[in-house]
Amino acid sequence: MNRVLTRDVSKHIGKKIKVSGWLHKKRKLGGLNFINLRDRGGIVQVLVEDQKEMEKLRGMQIGTVLHIEGKVVKDERAPNGAEIHEPVLQVEVPVTEEPPIEIDKPIDHKPENLDTLFEYRGLSLRNLQEQKVFKIRASLLRYIREYLTKNEFVEIQTPKLLAGATEGGAEVFKLDYFGQEATLAQSPQLYKQMLVGAFERVFEIAPAFRAELSATTRHISEVVMLDIEMGFVKNHDEVLDLVGDLTIFALQQVYEEHADDLKSINAPQLIVSDKVPKFTVEEIHELYSKANKIDTTNEKDLIPDEERWICEYAKKKHGSELVYAIDFPIEAMKFYHKINPDNPKTVLWGDLLFRGLEIATVPLRENNHETLVKQMKKASIDVKHPGYKYFLQAMKFGLPTHGGCGYGIDRLVEKVCGLKNVKEATLFPRDINRLSP
RNA sequence: GGGCUCGUGGUGUAGUUCGGUCUAACACGCCUCCCUGUCACGGAGGAGAUCGCCGGUUCAAAUCCGGUCGGGCCCGCCA
C-alpha cells in the first residue's frame with residue numbers, strides 16, 4: 001500500500017490508507033486512545049480502540065517511527081475533520097528513551113535558555129513551531145533567487161579558502177593549508193567584483209566566516225550572506241533600489257505564503273511601502289540627537305540605538321519597516337568603496353535596516369584602477385599580496401561602474417520571524433562558545 | 001578587547017535579600033493505575049536534584065566569601 005501524507009488524509013475518506021511518520025503525542029483515555037502522527041506534511045490523529053494495538057506503544061516515546069494502516073473517517077471532532085480508525089500499527093524504530101526536551105509544545109526561547117535549544121537542536125527542530133522558522137527561511141531564499149534570476153543575475157560560488165584577508169575590518173579565521181597559512185572567507189567581496197567583468201550581474205548565497213569576539217544577539221561566526229554585484233549602474237540609487245525592491249518583494253511574498261505560520265509564531269505584521277525611504281547618516285544623527293538629547297553628531301557610524309530609533313521613525317512617518325541609512329562618513333570607509341563626488345566627506349554606501357537591525361550594506365565600488373590603488377595604499381594594503389593581486393588584475397582590464405550588497409540572511413530571517421536572537425534563525429549556529437552540533 | 005549578569009531533578013522555575021522548620025517546593029515530562037472524543041485531556045499514586053565544580057568562613061551553607069568552569073546580555077566591531 002502506498003504512503004499517504006498526513007495533509008492529504010482527508011482526501012481519502014472511507015478508504016483504507018497507510019501513513020508513516022513519528023509518534024508525536026499519546027493521549028490515553030481508557031478504552032479510547034488518541035495518538036498523533038507527524039510527517040513532513042503535518043499531523044494526523046489516529047483513534048486506537050484495540051487494546052492490543054495500543055500495547056505496541058507501551059514504553060514508546062515521542063519520536064518512535066511508525067507505519068499505520070487504517071480507515072479514514074470523517075469526524076468533525078477530529079483536528080482536520082478526518083482521522084484514522086481501526087489502525088494496525090507497525091513500529092519501525094522504537095524509541096524508549098525519554099526526550100531531553102519537550103517537542104510537542106512550544107519551546108521556551110528565553111535568552112538564558114537558548115543554550116538548551118541548541119544543545120538538542122536535532123530534537124528541538126522536530127517541534128512544529130521551530131520548523132516554521134526554517135520553512136520561512138527556505139521560502140525567503142527561494143523568492144530572493146526568483147527575483148534575482150528574473151533580473152538576469154547569475155548565481156555564482158566563490159572560494160571560501162583564501163590566501164589572504166579579503167577586506168579590512170572584520171577578524172578572519174586562520175588555518176593551515178598544506179603548510180601555508182590560509183584564511184576562511186569573511187565575504188566574497190573581491191571575487192564578486194571580479195566576476196562583474198564577466199557576467200555584469202552576479203549573486204551568491206553562501207557562508208561567510210567572522211572571527212570577531214562578539215557575543216551579542218546579532219553575531220554568529222558562520223553567517224549566510226547574500227552577496228549581489230551589478231555592473232553598468234547609473235548611480236548609487238539604482239543599486240539601493242534594486243536591493244530595496246528585492247527585499248520588499250521577498251517579504252511580501254513570504255508574508256502571503258506563510259501568513260498562518262507567521263501569525264502562529266507571533267511575527268509582527270509587515271509594514272512596507274513601495275520604496276525604501278532613505279536618510280543620510282548625518283540626518284539620522286541630527287534627528288536622533290534632537291529627539292533623544294544625546295549628541296551623536298560626531299559618531300562615524302550609527303550606534304545600535306540609532307538603528308532602532310530610525311526604524312521606528314520610518315515606520316511611523318513613512319509607513320516602512322525598511323529604511324536606508326546612506327552617505328556614511330569617510331572615516332568608516334573600506335578601500336573598495338567609492339567616495340561621494342558630490343560630498344567627499346562621505347562614501348556612496350548605504351545600510352539597509354529592518355526592524356531596528358542592520359541587515360545589509362549596499363555600497364558603490366571604486367572602479368578606477370589608479371584611484372583604487374591609491375585608496376589601498378592609504379589603507380596600508382599590500383597590492384602585490386595574492387589576496388588582492390587578482391582583484392586588481394580584473395580592475396585593470398575593465399570593470400564598469402558597479403555596486404552591490406552584503407546581506408545577512410540570518411538577520412533577515414530573525415527579523416521576519418520576530419525573533420530576538422540571530423542564532424534562533426540559524427539551524428546550527430556557530431558563535432564564540434559553540435562549535436557543535 | 002571592555003562592562004554587567006546567571007548556574008537548583010530530564011526541561012522550565014520558586015527558594016539566595018537577612019545562613020537554621022530546605023529532611024529542597026511547583027509546573028511540564030517520565031512510570032503505574034483509572035477514564036469512550038481527547039486535542040497544552042482529566043484524576044489517583046510514584047520515581048527522579050548531595051542546589052555547576054573546588055576551596056574557605058561557620059555549631060550550621062542552595063543561601064556568605066574566593067577561585068574555577070559553563071551560559072546569557074550590553075558596548076566596541078560587524079551582516
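To find a chain, count down the sequence lines: A is the first, B the second, and so on, and within it residues start at 1. Side chains are part of it too, since the values below use all heavy atoms of this structure and drop only hydrogens, waters and symmetry mates.
The CG atom of A:Leu213 sits 15 Å away from the P atom of B:C77 (whole-angstrom rounding). For A:Asp410 and B:C78, the CG to P distance is 18 Å, given to the nearest whole Å. If you take CD1 of A:Ile294 and C1' of B:C75, they are 14 Å apart, rounded to a whole angstrom. Here the C1' atom of nucleotide B:C28 and the CD1 atom of A:Ile107 are 13 Å apart, to the nearest Å. Rounded to whole Å, the distance from CD on A:Glu299 to P on B:C75 is 12 Å. Atoms NE2 (A:His219) and P (B:G1) sit 15 Å apart, rounded to a whole Å. Straight-line distance from the CG atom of A:Leu123 to the P atom of B:G29: 17 Å, rounded to whole Å. As rounded to whole Å, 11 Å separates atom P of B:C33 from atom CD of A:Gln51.
With hydrogens and angles ignored, the 3.5 Å screen pairs a side-chain donor or acceptor of A:Gln375 with a backbone N or O of A:Phe335.
In this structure, A:Lys52 does not pair ionically with A:Asp50, as no charged nitrogen and carboxylate oxygen lie closer than 4.0 Å. Between A:Arg434 and A:Glu119 there is a salt bridge, with a side-chain nitrogen of the basic residue lying less than 4.0 Å from a carboxylate oxygen of the acidic one. For the pair A:Arg58 and A:Glu55, the salt-bridge criterion is met [side-chain N within less than 4.0 Å of a carboxylate O]. For the pair A:Arg145 and A:Glu155, the salt-bridge criterion is met [side-chain N within less than 4.0 Å of a carboxylate O]. Salt bridge present: A:Asp241 and A:Lys278 bring a charged side-chain N and a carboxylate O closer than 4.0 Å.
With C1' as the reference atom, B:G15 and B:C78 are 42 Å apart, rounded to whole Å. Taking the P atom of each, B:U23 and B:U17 are spaced 16 Å apart, rounded to whole Å. For the C1' atoms, the distance from B:G43 to B:C35 is 8 Å, rounded to whole Å. Nucleotides B:G29 and B:A40, compared at atom P, are 12 Å apart to the nearest Å. For the C1' atom pair drawn from B:U16 and B:G52, the interatomic distance equals 16 Å after rounding to whole Å. B:G45 and B:U68 are spaced 43 Å apart, taking the C1' atom of each and rounding to whole Å. Across the P atoms, B:G3 and B:A47 are found 48 Å apart, a figure rounded to whole Å. Taking atom P in both B:C4 and B:A49, one finds a spacing of 37 Å when rounded to whole Å.
The A:Thr216 side chain lies nearest to B:C75 when the options are B:U38, B:C73, B:C75. Checking B:A79, B:U38, B:U36 against the side-chain heavy atoms of A:Lys334 singles out B:A79 as nearest. Listed nucleotides: B:A79, B:G1, B:G72. Nearest to the side chain of A:Asp115: B:G72. Here the nucleotide nearest the side chain of A:Arg218, chosen from B:C77, B:C28, B:C78, is B:C77. Taking the side chain of A:Glu212 as heavy atoms from C-beta on, and the options B:C78, B:G76, B:G72, the nearest nucleotide is B:C78.
At the heavy-atom level, A:Pro111 lies under 4.0 Å from the strands shown only through sugar-phosphate atoms. At a threshold of 4.0 angstrom between heavy atoms, the contacts of A:Asp75 include nucleobase atoms, whether or not backbone atoms are also involved. Within the nucleic acid shown, A:Arg58 comes within 4.0 Å of sugar-phosphate atoms alone, with no base atom in reach, counting heavy atoms only. Contact annotation for A:Leu29: base contact, defined as any heavy-atom pair under 4.0 Å involving a base atom. The residue A:Glu97 sits apart from the nucleic acid: no heavy atom pair falls under 4.0 Å. Using a 4.0 Å heavy-atom cutoff across all strands shown, A:Ile409 reaches no nucleic acid atom at all. Among the heavy atoms of the strands lying under 4.0 Å from A:Lys300 are primed sugar atoms or P, OP1, OP2 only; no base atom is included. If you check every strand for non-hydrogen atoms under 4.0 Å, A:Ala215 touches a base. Heavy atoms of A:Asp305 sit nowhere under 4.0 angstrom from any nucleic acid atom. The residue A:Lys28 sits close to a base: some heavy atom pair falls under 4.0 Å. A:Phe34 comes within contact range of at least one nucleobase, with a heavy-atom separation under 4.0 Å. Within 4.0 Å (heavy atoms only), A:Leu226 reaches no atom of the nucleic acid at all.
Screening A:Lys105, A:Arg121, A:Lys135 for a salt bridge (charged side-chain N to carboxylate O under 4.0 Å, His left out) with A:Glu130, the sole residue that qualifies is A:Arg121.
Applying the 4.0 Å criterion to OP1 and OP2 of B:C41, one finds that A:Asn33 has every side-chain N and O outside that range. Of the side-chain N and O atoms in A:Lys105, none sit less than 4.0 angstrom from OP1 or OP2 of B:C28. Between B:C74 and A:Thr217, a contact under 4.0 Å exists linking OP1 or OP2 to a side-chain N or O.
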Does the pair A:Leu287 and A:Phe279 meet the rule for a side-chain contact (heavy atoms from CB on, under 4.5 Å), with working shown?
CA-CA 10 Å; A:Leu287 286 166; A:Phe279 297 90; 4.3 Å; yes

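Across all strands shown, B:A44 forms a Watson-Crick or G-U wobble pair, both distances under 3.5 Å, with B:U32. Partner assigned to B:G1 is B:C75, using Watson-Crick or G-U wobble distances below 3.5 angstrom. Pair assignment for B:A25 gives B:U13, based on Watson-Crick or G-U wobble hydrogen-bonding distances that are each under 3.5 Å. As the counterpart of B:U63, no nucleotide is assigned, since no Watson-Crick or G-U wobble pattern has both distances under 3.5 Å.
For A:Ser214 and B:C77, a side-chain-to-base donor-acceptor distance below 3.5 Å is present, hydrogens and geometry of angles not being considered. A donor-acceptor contact under 3.5 Å links the side chain of A:Arg210 to the base of B:A79.
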Contact pattern, 5' to 3', of nucleotides 4-14 of chain B - B, S or - by protein heavy atom under 4.0 Å:
------SSSS-

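For the 3.5 Å distance criterion, the side chains of A:Thr158 and A:Lys160 qualify, holding a donor opposite an acceptor. Side-chain contact check for A:His385 and A:Asp382: no donor-acceptor pair (N or O, by modelled atom type) lies under 3.5 Å. The closest side-chain donor-acceptor pair between A:His337 and A:Glu366, if any, does not fall under 3.5 angstrom. Side-chain atoms of A:Glu83 and A:His85 include a donor-acceptor pair closer than 3.5 Å.
Both A:Gly406 and A:Gln61 lie near RNA chain B, and the one whose nearest nucleotide falls closer to the 5' end is A:Gln61. Toward the 5′ end of RNA chain B lies the nearest nucleotide of A:Asp431, the other residue of the pair A:Asp431 and A:Thr361 mapping further downstream.
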